[in-house]
Amino acid sequence: MLALHFINHPMFYKILTVAGLATFEIYAAIPAGFAFALSPIVIFLASLAGGLLGVFAAAYLGDKIKLVVNRFRKNKVEKTKKEPGFVLKIWEKYGVIGLGLLGTMTVGAPISIGIGVGFNVPTNKMVFWCSLGVLIRCALFTAIGHYSLQLF
């Protein structure tokens, strides 16, 4: 009975929204948590849970998602060679640790996982470093948001 009461509570949907947003983009989840007037601890925990869910979904369901996408994808003409992108520069300079930490901080964990899979990095290594990046990112941006609001 208590669980049913919790699910019908309006705060539950706010927390679920923050966690759902964090699955795809933590930069949207944390401000949403502050807009919902959630406490910084709840925002941190919800965004961490959602971010970790995004890491695990991208890592362990990535191959299945890629197969589904490739069925509907049309063959494209090869593009000319461009200058290496930002993430490739991180990979060349810092390796799997840089891709997991810095990639997660900049472009997000699901994209970092996808790039790591493209570079044939073992999935467990990418999951570890991206999870650590999500933890640092959630703690850092929740603290920044909390202390920034204290200024007003």
Side-chain angles (χ1 to χ4, degrees), residues 1-73 84-150:
M1 190 68 181
L2 182 62
L4 185 60
H5 177 70
F6 181 70
I7 290 174
N8 289 329
H9 196 278
M11 175 106 34
F12 174 74
Y13 295 109
K14 293 176 182 179
I15 294 169
L16 196 60
T17 300
V18 171
L21 284 170
T23 302
F24 301 102
E25 190 55 59
I26 292 172
Y27 291 129
I30 293 173
F34 285 110
F36 290 146
L38 298 173
S39 75
I41 298 294
V42 172
I43 294 169
F44 168 73
L45 292 175
S47 62
L48 179 64
L52 291 177
L53 180 67
V55 167
F56 285 97
Y60 296 113
L61 298 176
D63 290 334
K64 291 179 180 28
I65 294 169
K66 188 168 81 173
L67 290 174
V68 171
V69 169
N70 283 338
R71 270 195 274 164
F72 298 104
R73 183 184 228 179
F86 177 71
V87 178
L88 184 59
K89 289 178 184 177
I90 290 174
W91 170 255
E92 290 173 347
K93 191 167 186 176
Y94 302 109
V96 68
I97 296 171
L99 185 58
L101 291 176
L102 296 175
T104 299
M105 295 292 284
T106 55
V107 296
I111 294 173
S112 295
I113 294 267
I115 292 169
V117 167
F119 291 147
N120 293 323
V121 175
T123 304
N124 291 338
K125 280 186 177 183
M126 282 304 300
V127 166
F128 174 79
W129 290 108
C130 284
S131 296
L132 187 61
V134 165
L135 174 73
I136 293 168
R137 187 178 183 186
C138 289
L140 181 68
F141 288 110
T142 302
I144 289 171
H146 173 69
Y147 290 116
S148 296
L149 288 176
Q150 296 298 315

Quick one: do L135 and F44 satisfy side-chain contact (heavy atoms from CB on, under 4.5 Å)? Show the steps, please. CA-CA 9 Å; L135 174 73; F44 168 73; 3.8 Å; yes
Is the closest side-chain heavy-atom distance between F119 and V96 below 4.5 Å? no
Can you confirm whether Y94 is buried at OH, in the sense that more than 12 heavy atoms of other residues, nucleotides or ligands lie under 6.0 Å from that atom? no
On a heavy-atom basis, the closest approach of S47 and T142 is OG-OG1, 4.4 Å
Quick one: closest heavy-atom pair of F34 and P40, and the distance? CE2-CG, 4.5 Å
Which heavy-atom pair separates R137 from T104 by the least distance, and what is that distance? NH1-O, 2.7 Å
Give me the atom names and distance for the closest heavy-atom approach of C138 to I30. O-CD1, 4.0 Å
Once you round to the nearest 0.5 Å, how far does CG of L48 lie from CG of L53? 11.0 Å
Could you tell me the separation between the CD1 atom of I113 and the CZ atom of F56, rounded to the nearest 0.5 Å? 8.5 Å
Measuring from atom CD1 of I26 to atom CZ of F141, what distance do you get when rounded to the nearest 0.5 angstrom? 9.0 Å
From I115 CD1 over to I111 CD1, what is the distance, rounded to the nearest 0.5 angstrom? 7.0 Å
Distance from I43 atom CD1 to K14 atom NZ, nearest 0.5 Å? 11.0 Å
Go through the steps for L99 and M126 under the test side-chain contact (heavy atoms from CB on, under 4.5 Å), then give the verdict. CA-CA 8 Å; L99 185 58; M126 282 304 300; 4.0 Å; yes
G133 and M105 have their tightest heavy-atom pair at O-SD, 4.0 Å
At what distance, to the nearest 0.5 angstrom, does CG of L101 lie from OG1 of T106? 10.5 Å
Within the supplied structure, the quantity of interest is the number of heavy atoms (other residues, nucleotides, ligands) at a distance under 6.0 Å from I41 CD1; does it exceed 12? no
If you compare all heavy atoms of V55 against all heavy atoms of S131, which two are closest, and at what distance to 0.1 Å? CG1-OG, 3.8 Å
One pair to check against side-chain contact (heavy atoms from CB on, under 4.5 Å): L38 and M11. What are the steps and the verdict? CA-CA 8 Å; L38 298 173; M11 175 106 34; 3.1 Å; yes
